[in-house]
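In what follows, a structure is listed as structure tokens, so that the remarks can point back to it.
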Amino acid sequence: MNSESSLKATKKAALLAKATSLGITYEELKAQKIDRKEARKRKRDLKIPEQTTPTIIASAIEPTQPPPSQSFFVPLADRLNPNRRGYDPDFATYYKSLNSYNRKQIAKKDTIAIKKWKAKKPAEFNFEVEETDHCETSPQSFQDIDVHLSALADSLCKTKEELQIYDPYYCNGATIMHLAELGYHNVFNKNVDFYNSTIPAHDVLITNPPYTGDHCEKLFNFLLKNKKPYFVLLPDYFQKRKFFPDKDTITNLKPPSQYHYWTPSLLRSSKKSKKQHSNLALGIKTSPFASSWIIHSK
């Protein structure tokens with residue numbers, strides 16, 4: 001008997017002994033081994049769905065364009081938590097059906113994606129900026145004016161998707177994202193210098209302008225000449241400034257609670273942001289302060 005035959009006989013004898021100790025036949029034990037082997041193969045071959053790579057929102061000014069897609073990274077924790085903005089119920093249901101091995105694989109990919117997102121370089125602006133002006137409007141603030149915007153669209157015989165919205169002050173493009181979630185997909189908010197660029201066609205101007213320097217004064221001078229409806233979000237102390245419009249010509253929409261604002265993580269000094277609450281989707285949360293929407297819709 002050669003060595004190969006001897007090895008096979010030894011293995012078979014060991015399996016027979018194991019089968020006897022388990023109280024089953026040799027064929028049953030062999031079938032169990034085959035089943036376990038196939039189960040391991042199916043586990044390796046299982047395709048784990050990955051989150052779609054974040055895309056940069058293009059200009060949504062043309063009505064024929066599809067709604068802007070997700071422009072920010074949503075981590076796994078947000079996709080699974082119903083109390084967070086990035087919650088994905090379909091993915092959460094699927095995730096619950098996975099075994100621990102496949103959940104770990106998804107978590108590994110998520111960790112890598114988070115590191116890549118955090119390693120991104122800040123955007124280069126095509127105009128002069130102040131770090132303290134890097135604050136995006138909160139999603140809640142847009143929800144508060146939705147009913148007024150919808151009424152304006154109706155008065156112009158337009159749908160939400162057709163309403164042309166212009167935000168002249170660019171920060172990180174969140175205006176497009178937040179308004180798209182409410183059904184407004186025709187929004188212009190680009191990395192261009194408001195004061196030295198062509199004004200796009202628009203039905204209404206919506207913005208949370210920079211508070212430093214004379215930006216607010218320049219904005220209201222423009223709005224006076226522009227003669228278009230506008231929604232401007234400002235701290236309440238601006239209402240005492242000389243350039244503030246006549247109160248008979250505007251509506252002051254005070255929110256039920258003070259708004260938080262969000263600074264994109266890449267645009268805030270790391271020393272200042274270490275102790276502040278942050279969210280990958282929105283950025284770094286600022287302290288709330290008294291502010292109101294200044295609305296002129298006539």
Side-chain angles (χ1 to χ4, degrees), residues 72 78 81-87 130 132-155 160 163 165-185 187-189 202-212 215-217 219-220 222-223 228-241 243-265 267-268 273 276-279 281-298:
F72 57 89
D78 285 11
N81 189 336
N83 296 319
R84 296 189 180 180
R85 191 164 168 271
Y87 177 58
E130 290 287 341
T132 54
D133 284 332
H134 293 317
C135 285
E136 291 277 19
T137 311
S138 68
Q140 180 59 50
S141 63
F142 287 106
Q143 293 171 20
D144 289 343
I145 62 170
D146 183 23
V147 63
H148 300 278
L149 271 180
S150 182
L152 175 63
D154 290 341
S155 70
K160 282 186 172 185
L163 189 68
I165 299 173
Y166 175 40
D167 181 354
Y169 295 105
Y170 179 84
C171 181
N172 200 41
T175 295
I176 295 177
M177 177 178 68
H178 297 327
L179 286 170
E181 290 175 346
L182 298 173
Y184 303 96
H185 301 300
V187 183
F188 186 100
N189 180 229
H202 60 282
D203 298 311
V204 58
L205 184 147
I206 302 176
T207 194
N208 171 31
Y211 304 152
T212 62
H215 291 293
C216 290
E217 183 174 3
L219 172 64
F220 279 108
F222 169 80
L223 294 174
K228 294 272 188 178
Y230 59 78
F231 292 70
V232 178
L233 182 59
L234 284 176
D236 290 347
Y237 62 79
F238 272 101
Q239 297 185 26
K240 298 179 180 179
R241 302 289 176 88
F243 58 78
F244 195 78
D246 189 332
K247 293 185 178 181
D248 293 336
T249 64
I250 60 170
T251 300
N252 190 325
L253 180 63
K254 189 75 175 175
S257 59
Q258 294 182 354
Y259 292 140
H260 287 277
Y261 294 82
W262 297 86
T263 298
S265 303
L267 301 178
R268 175 63 62 89
S273 61
Q276 292 175 283
H277 172 76
S278 63
N279 178 294
L282 298 172
I284 300 162
K285 194 175 187 179
T286 67
S287 298
F289 55 87
S291 52
S292 305
W293 280 106
I294 309 306
I295 303 174
H296 174 77
S297 56
K298 296 180 180 179

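Keep in mind that what you see is a predicted model, and the values were worked out from it rather than measured.
Using a 4.5 Å heavy-atom threshold, the side chains of Val204 and Leu149 count as touching. Residues Thr175 and Phe142 are in side-chain contact: their nearest non-hydrogen atoms beyond the backbone lie under 4.5 Å apart. Contact check for Leu223 versus Val232: side-chain heavy atoms found under the 4.5 Å cut-off. Within the 4.5 Å cutoff, the side chain of Tyr87 has no heavy atoms near those of the Asn81 side chain. Residues Ser292 and Gln239 have side chains in contact (heavy-atom distance under 4.5 Å, counting atoms from C-beta outward).
The side chain to side chain contact (heavy atoms under 4.5 Å, CB included) test applied to Ser150 returns Asp154, Lys160, Tyr184, not counting sequence neighbours. His202 pairs by the ring pair (Phe, Tyr, Trp, His ring centres under 6.0 Å) definition with Tyr166, not counting sequence neighbours. Here Phe222 pairs with Phe194 under the ring pair (Phe, Tyr, Trp, His ring centres under 6.0 Å) rule; sequence neighbours left out.
Residue His148 holds its NE2 atom at 11.0 Å from CG of Leu152, rounded to the nearest 0.5 Å. Interatomic distance, Ile294 CD1 to Leu234 CG, rounded to the nearest 0.5 Å: 6.0 Å. One distance of note links CZ of Phe231 with CD1 of Ile295; it measures 5.0 Å at 0.5 Å rounding. The CD1 atom of Ile145 sits 11.0 Å away from atom CD of Gln140, with the distance rounded to the nearest 0.5 Å.
In this structure, Lys254 and Ala290 approach most closely via the heavy-atom pair NZ-CB, 3.8 Å. Nearest approach of Ile250 to His296, heavy atoms of both residues: CG2-CB, 4.4 Å. What you find for Pro255 and Ser291 is that their closest heavy atoms are CD-O, 3.1 Å. The minimum heavy-atom distance between Val187 and Ile176, with the atom names listed, is CG1-CG1, 4.0 Å. Listed here is the closest heavy atom pair of Ile206 and Ile165: CD1-CG2, 3.7 Å. Closest approach of Leu163 and Ala153 over heavy atoms only: CD1-CA, 4.1 Å.
Remark: Arg241 qualifies as a cation-pi partner of Phe238 under the 6.0 Å distance and 45° angle criteria applied to the six-membered ring.
Taking the six-membered ring where the residue is Trp, Tyr169 and His215 present perpendicular rings, their angle passing 60° and hence far from 30°. Using cut-offs of 30° and 60° for the angle between ring planes, the Phe220 and Tyr230 rings count as perpendicular.
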